[in-house]
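What follows is one structure encoded as structure tokens, with my remarks underneath.
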Protein chains: 2
Amino acid sequence: MKIATWNVNSIRTRLGQVISWLGENNVDVLCLQETKVIDTDFPLTVFHDMGYNTYIYGQKAYNGVALISRQPMKSVSTGFCQVLENLEPKWDDQKRVITGIVDEVRIINLYVPNGSAVGSEKYQYKLQWLAVLKTYLEVLLKCNSDIIMCGDFNIALEDIDIYKQVDTENQIMASLPERQALREILKLGFGDGFRKFNSQGGNYSWWDYRTGAFKRNSGWRIDHHYLTDVLYKQAKSCFIDISPRKLEQPSDHAPVIVEV
Amino acid sequence: MKIATWNVNSIRTRLGQVISWLGENNVDVLCLQETKVIDTDFPLTVFHDMGYNTYIYGQKAYNGVALISRQPMKSVSTGFCQVLENLEPKWDDQKRVITGIVDEVRIINLYVPNGSAVGSEKYQYKLQWLAVLKTYLEVLLKCNSDIIMCGDFNIALEDIDIYKQVDTENQIMASLPERQALREILKLGFGDGFRKFNSQGGNYSWWDYRTGAFKRNSGWRIDHHYLTDVLYKQAKSCFIDISPRKLEQPSDHAPVIVEV
DNA sequence: GGCTTCATCG
DNA sequence: CGATGAAGCC
């Protein structure tokens, strides 16, 4: 089973690229982030015509996640609050979480907040959001032993996940508190799919649109697949496909594919 | 001498098309309207590199006119108020007028207000603006006997200048009061360069972006060259070049070229 | 309805 | 740099 994650930075702008990529890469589930569209405007039919089942959780202009699955998914759930019933509803104002089960495997598709700048209000929100995510995962792990949690984490966990040395005190996506929050989550029992197969630096999934970052490979590895034990052990491959980033009008992120 | 007028609907968006058109059409003066850019952001150097002298009169987001001249121009003047010293300054809030002399010929480049809808406040402004234009021309005619007044007039003077019969009571760009205001101006001694050579309908310079107007040639002839007597008599040709309207991301107007 | 600004976000 | 939405024009 092949599971891909791709922050497309607007599904409507990127639809042609996503469709052609999906035609060439026969993935079973494609997890999209930053769809940036309300559900009524999501281009469903083109995925249905390709034989995919589509589960969406979007909003206007910002955020938005979707699951594009060859097989119908079961136990699909959107947002945190359907799982954490006592959680304040405001945690679902931003559409960043969708999950469903296919072949006994729970796929969790996440768009973690960016956090803007260390110390900012948005940074606090990111850290709190990661704490909520942890409790969310604790609940799901009670029912589902096999989980693939993937998406745009907006966190580079190790220094080799960044093209240059950064200040881990002040650099968003690399600061120690957010790294620590993610490590606490991984301690629940997740392994990094990409690092099972590749321990080298220079592998990135996001390059800033500005300053020609992609040409110089000035990237960050912030899009991840985290797998629970059994899935991690049986994983066959995990790689970043940088080819869509070379096209005209690309997303700033490249898709990442794990095979289990 | 070849004088072109072209409403480019943003010089920055259309720069590539304007430059390549200018390279292929060796005009002496190119009169631009709707440059939509403040003077500090106007792309001057690319015109200078082609050997053109550039005179600009722009504002943020709306309106804006420019003269692109092979020869340096003399007696360049922007707006109405430099010529009509007692005129209220508000008449230069919208940047719609620029003029200069080349080879003893005064080129006046105009972007006449559209007027929105007959009877609206903008319509009243259009009629008043045309009255001011008349007094402006009366002054210039005292000093310059040879004048080419060109630009986007937002007026189709005759029924054959429109692809279909319209209601001349209510149709903006065709209503009797605005046609009459323009006729009063032409009575000062101007002839329509295009009509010296072509008395046929079906010749248009503007096609609405909507409803595939260009494909069906549902156009209007609203971009004109008006010439004083001597120039009118010696004019060698006047034609509309519809080829740029066929490109991707075109202006909704085509350039018009007169040779004198 | 097409298109181009601008402001905001990442 | 590139996305969106709102406003204004035609």
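The structure displayed is predicted, hence computed values, not measured ones. Order of the sequence lines sets the chain letters (A, B, ...), proteins ahead of strands, with each chain counted from 1.
Judged purely by distance below 3.5 Å, without hydrogens or angles, the side chains of A:Ser175 and A:Glu169 never pair a donor atom with an acceptor atom. No donor-acceptor contact under 3.5 angstrom links the side chains of A:Tyr62 and A:Gln94, judged on distance only. Between the side chains of A:Ser251 and A:Asn9, no donor-acceptor pair of N or O atoms lies under 3.5 Å. Between the side chains of A:Arg221 and A:Asn203, no donor-acceptor pair is found at a separation under 3.5 Å. If you check the side chains of B:Asn63 and B:Gln59, you find a donor sitting under 3.5 Å from an acceptor.
With rounding to whole Å, B:Arg245 atom CZ is found 12 Å from C:dG2 atom P. Look at CD1 on A:Ile172: it is 16 Å from P on C:dC9, rounded to the nearest Å. In this entry the distance linking CZ of A:Phe153 with C1' of C:dG10 reads 19 Å, nearest Å. Taking atom OH on A:Tyr123 and atom P on C:dG10, their separation rounds to 16 Å, with Å as the unit. In this structure, A:His253 places its NE2 atom 12 Å from P of C:dG10, rounding to the nearest Å. Separating the CD atom of B:Gln17 from the C1' atom of C:dC3 is a distance of 13 Å, rounded to the nearest angstrom. Between the CD atom of B:Gln59 and the P atom of C:dC6 there is a distance of 11 Å, given to the nearest Å. In this structure, CE of B:Met173 is placed 9 Å from P of D:dC10, rounded to the nearest angstrom.
Taken residue by residue, residues 204-224 of chain B places heavy atoms nearer than 4.0 Å to DNA chain D at B:Trp206, B:Arg210.
Between A:Lys95 and A:Asp39 there is no salt bridge, since no side-chain N of the basic residue sits under 4.0 Å from a carboxylate O of the acidic one. The existence of a salt bridge linking B:Lys246 and B:Asp241 is excluded, since no basic side-chain nitrogen approaches an acidic carboxylate oxygen closer than 4.0 Å. Salt-bridge annotation for A:Asp161 and A:Arg195: present, with a side-chain N of the basic residue lying under 4.0 Å from a carboxylate O of the acidic one. Ion pairing of B:Asp41 with B:Lys36 is absent here, as no side-chain N (NZ or NE/NH1/NH2) approaches a carboxylate O to less than 4.0 Å.
Contact between A:Gly202 and A:Asn217 at its shortest, heavy atoms only, is O-ND2, 3.4 Å. Of all heavy-atom pairs spanning B:Ala156 and B:Ile222, the tightest one is N-CG2, 3.9 Å.
For A:Ser10, no side-chain nitrogen or oxygen approaches OP1 or OP2 of D:dG2 to under 4.0 Å.
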Can you give me the N/O atom pairs linking the protein to nucleotides 5-9 of chain D at distances under 3.5 Å, or say none if there are none?
from: D:dA6; atom 1: OP1; to: A:Lys60; atom 2: NZ; distance (Å): 3.4
from: D:dG8; atom 1: O4'; to: B:Tyr62; atom 2: OH; distance (Å): 3.2
from: D:dC9; atom 1: OP2; to: B:Lys122; atom 2: NZ; distance (Å): 2.6

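Stem regions for DNA chain D, each three or more consecutive Watson-Crick or G-U pairs with both distances under 3.5 Å and listed by first number, read C:2-10 with D:1-9.
Nucleic acid contact for A:Asp252: none, since no nucleic acid atom lies under 4.0 Å from a heavy atom of the residue.
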